[in-house]
> 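Right, I'll just put the structure down here and ask away after.
Side chains are part of it too, since the values below use all heavy atoms of this structure and drop only hydrogens, waters and symmetry mates.
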Amino acid sequence: HSIFASNTSSLPITDIASSTSRQDRFGGLHFFNPVSMMKLVEVIATSATSQETFDSLLSFSKALGKTPVSCKDTPGFIVNRLLVPYMIEALRLHERGHGSKEDIDIAMKLGAGYPMGPFELSDYVGLDTLKFIIDGWNEKDPDNPLFTPSELLNKLVADGKLGKKTGEGFYKYK
C-alpha cells in the first residue's frame, strides 16, 4: 500500500520507478531548498502513476502546508527546466564578455525581481550539481542548445570551486 516518491530535481522519475513492479504507486515530490521556507512542491506523475497515487501526493503536499503544482516527468519538471538553462545562459553571456557576473546578478535582481542573481544562485545550488544536471540533460538531448554545457562551469568544477559549500565558486565565501 506504500507510495514511493523521489525528491530528485533532475533525474527522470520514470527511470527511478522502473526498479519496482508497482510503478502505479510511484511519483515525484520535488521540494525546494530550504524546505522549511520554500512553499512550492512539484508533484510529478509518470505515465504509469495512478490517479489515486497522484491525488495522495497532492494531498500530502497540502497537509505539509505546501503549494503543490502538478507536472509531467520532463527534464527538470517546471522550475529547473526553466531555471537551469537560465543559469547556463547567464554563464554564456559572461563567457562572451557581454556582462560581468556582478552586473548580471544585479540586473536580474533589480530588473526581474529575483531574490538572487544567476551566479549567486549557481553558487548556492552547487556548481557540481548544476554541471551534473546540464551534463545529464545534454547526454539525453545533445541537439538541444539549451542543454549545451559551459566551459567556465566545467573549469570551476574541475578546479574544485563548487560554490558556497567549498568557499569559492563564482564568488568567494568566508
Side-chain angles (χ1 to χ4, degrees), residues 6-13 28-45 58 61-62 64-174:
S6 173
N7 185 46
T8 182
S9 62
S10 65
L11 300 174
I13 299 295
L29 285 175
H30 181 219
F31 292 87
F32 291 83
N33 190 22
V35 175
S36 60
M37 294 177 60
M38 301 297 278
K39 295 290 187 191
L40 183 68
V41 62
E42 292 173 319
V43 181
I44 302 99
L58 286 172
S61 301
K62 290 176 185 173
L64 294 176
K66 302 294 180 185
T67 300
V69 294
S70 62
C71 48
K72 299 293 182 189
D73 190 17
T74 188
F77 315 124
I78 295 172
V79 173
N80 284 339
R81 176 58 188 239
L82 295 170
L83 193 61
V84 169
Y86 153 75
M87 291 190 290
I88 295 295
E89 182 58 22
L91 273 69
R92 289 188 198 114
L93 193 66
H94 177 63
E95 287 173 320
R96 290 189 304 263
H98 295 168
S100 71
K101 61 183 183 278
E102 295 83 4
D103 284 345
I104 293 168
D105 276 349
I106 289 168
M108 292 311 295
K109 288 191 291 189
L110 299 181
Y114 290 8
M116 283 188 256
F119 294 95
E120 293 170 304
L121 183 58
S122 295
D123 275 353
Y124 183 80
V125 167
L127 303 186
D128 54 334
T129 301
L130 182 58
K131 178 176 169 28
F132 174 80
I133 292 168
I134 203 68
D135 287 350
W137 291 0
N138 181 257
E139 184 179 316
K140 288 188 182 286
D141 191 1
D143 296 328
N144 189 331
L146 293 175
F147 301 159
T148 302
S150 158
E151 290 304 316
L152 176 57
L153 178 63
N154 290 342
K155 181 180 178 347
L156 288 168
V157 171
D159 292 345
K161 297 176 181 177
L162 309 181
K164 289 193 88 165
K165 62 182 153 190
T166 60
E168 185 175 355
F170 290 108
Y171 298 105
K172 290 187 181 190
Y173 303 90
K174 302 262 181 207

> Considering non-hydrogen atoms only, spot the tightest contact between Pro12 and Lys140 and give its length.
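Looking at all heavy atoms of both residues, the closest pair is CG-CE, 4.0 Å.
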> Identify, with sequence neighbours excluded, every residue that meets ring-ring contact (aromatic ring centres under 6.0 Å, His included) alongside Phe119.
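Result, ring-ring contact (aromatic ring centres under 6.0 Å, His included) vs Phe119: His94, Phe170.
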> Tell me every residue that passes side chain to side chain donor-acceptor pair (under 3.5 Å) with Lys165, counting only those two or more places apart in sequence or in another chain.
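For Lys165 the side chain to side chain donor-acceptor pair (under 3.5 Å) partners, ignoring immediate neighbours, are Asp128.
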> Distance from Leu29 atom CG to Ile44 atom CD1, nearest 0.5 Å?
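Taking CG in Leu29 and CD1 in Ile44, the distance rounds to 7.0 Å.
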> Output all residues satisfying ring-ring contact (aromatic ring centres under 6.0 Å, His included) with Phe32, sequence neighbours left out; order by chain, then residue number.
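Applying ring-ring contact (aromatic ring centres under 6.0 Å, His included) to Phe32 gives His30.
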> Within a strict 4.5 Å, meaning less than it, do heavy atoms of the Leu121 and Tyr114 side chains meet?
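They are not in side-chain contact.
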> Once you round to the nearest 0.5 Å, how far does CG of Leu93 lie from CD1 of Ile104?
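Answer for the CG-CD1 pair, Leu93 versus Ile104, is 4.0 Å.
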> Does Asn80 reach the side chain of Glu42, with side-chain heavy atoms less than 4.5 Å apart?
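Sidechains of Glu42 and Asn80: no contact.
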> Under 3.5 Å, sequence neighbours excluded: what are the donor-acceptor pairs made by side chains of residues 70-79?
{"residue": "Asp73", "atom": "OD1", "partner": "Ile13", "partner atom": "N", "Å": "3.0"}
{"residue": "Asp73", "atom": "OD2", "partner": "Ile13", "partner atom": "N", "Å": "3.1"}
{"residue": "Asp73", "atom": "OD2", "partner": "Thr14", "partner atom": "N", "Å": "2.7"}
{"residue": "Asp73", "atom": "OD2", "partner": "Thr14", "partner atom": "OG1", "Å": "2.6"}

> Test of understanding: with ring-ring contact (aromatic ring centres under 6.0 Å, His included), list the residues that count as partners of Tyr124, not counting sequence neighbours.
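With neighbours one apart ignored, the set is empty.
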> Minimum heavy-atom separation for Ser122 to Leu91, with atom names?
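For Ser122 versus Leu91, the nearest heavy atoms are OG-CD1, 4.4 Å.
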> Minimum heavy-atom separation for Met116 to Lys109, with atom names?
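Smallest heavy-atom distance, with atoms named: C-CG, 3.7 Å.
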> Could you check if a side-chain atom of Lys131 sits within less than 4.5 angstrom of a side-chain atom of Pro149, using non-hydrogen atoms only?
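No, their side chains stay 4.5 Å or more apart.
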> The criterion is side chain to side chain donor-acceptor pair (under 3.5 Å); which residues satisfy it with Asn138, sequence neighbours excluded?
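Counting only residues at least two positions away or on another chain, Asn138 forms no side chain to side chain donor-acceptor pair (under 3.5 Å).
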> Check whether more than 12 heavy atoms from other residues, nucleotides or ligands sit under 6.0 Å from atom CD of Glu102, and answer yes or no.
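Atom CD in Glu102 is packed in, count exceeds 12.
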> Quick one, Ser61 and Val43 - any side-chain contact, counting heavy atoms below 4.5 Å?
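Ser61 reaches Val43 side chain to side chain.
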> Looking at NZ of Lys66 and CE of Met38, how far apart are the two atoms once the value is rounded to the nearest 0.5 Å?
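So the NZ of Lys66 and the CE of Met38 are separated by 8.5 Å.
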> Would you say the side chain of Ile133 lies within less than 4.5 Å of the side chain of Ser9, judging by non-hydrogen atoms?
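The answer is yes, as the side chains (C-beta and beyond) meet within the 4.5 Å cut-off.
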> List for me each residue that meets salt bridge (charged side-chain N to carboxylate O under 4.0 Å, His left out) alongside Lys161, sequence neighbours excluded, and say none if there are none.
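Once residues adjacent in sequence are excluded, the partners of Lys161 under the salt bridge (charged side-chain N to carboxylate O under 4.0 Å, His left out) criterion are Glu168.
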> Suppose we screen for ring-ring contact (aromatic ring centres under 6.0 Å, His included). Which residues come up paired with Phe132, at least two apart in sequence or across chains?
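Phe132: no ring-ring contact (aromatic ring centres under 6.0 Å, His included) contacts found.
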> Any side-chain heavy-atom pair from Leu146 and Val84 closer than 4.5 angstrom?
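With C-beta onward as the side chain, the pair stays apart.
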> Who pairs with Arg81 by salt bridge (charged side-chain N to carboxylate O under 4.0 Å, His left out), at least two apart in sequence or on another chain?
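Once residues adjacent in sequence are excluded, Arg81 has no partner under the salt bridge (charged side-chain N to carboxylate O under 4.0 Å, His left out) criterion.
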> CG/Leu130 to OG/Ser150 distance, rounded to the nearest 0.5 angstrom?
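Reported value, rounded in 0.5 Å steps: 8.5 Å.
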> Given side chains that start at C-beta, do those of Tyr171 and Glu120 come closer than 4.5 Å, heavy atoms only?
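A side-chain contact exists here, since the closest heavy-atom pair is under 4.5 Å.
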> Measuring from atom CG of Asp105 to atom CG of Asp103, what distance do you get when rounded to the nearest 0.5 angstrom?
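Going from the CG atom of Asp105 to the CG atom of Asp103 covers 9.5 Å.
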> Can you sort out the partners of Asp159 under salt bridge (charged side-chain N to carboxylate O under 4.0 Å, His left out), two or more places apart, ordered by chain and number?
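With sequence neighbours excluded, Asp159 shows a salt bridge (charged side-chain N to carboxylate O under 4.0 Å, His left out) to Lys155, given in chain and number order.
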> What distance do Leu83 atom CG and Met87 atom CE have between them, rounded to the nearest 0.5 Å?
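Nearest 0.5 Å value for the CG-CE distance: 4.0 Å.
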> Does Tyr86 have any side chain to side chain donor-acceptor pair (under 3.5 Å) partners at least two apart in sequence or in another chain, and if so, which?
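Once residues adjacent in sequence are excluded, Tyr86 has no partner under the side chain to side chain donor-acceptor pair (under 3.5 Å) criterion.
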> Between Arg92 and Glu95, is there a side-chain N and carboxylate O pair less than 4.0 Å apart?
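Looking at Arg92 and Glu95, the cut-off is not met.
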> Does the side chain of Leu127 reach to within under 4.5 Å of the side chain of Leu153, using non-hydrogen atoms?
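Yes, at least one pair of side-chain atoms sits under 4.5 Å.
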> The criterion is side chain to side chain donor-acceptor pair (under 3.5 Å); which residues satisfy it with Lys164, sequence neighbours excluded?
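Checked Lys164 against side chain to side chain donor-acceptor pair (under 3.5 Å); zero matches.
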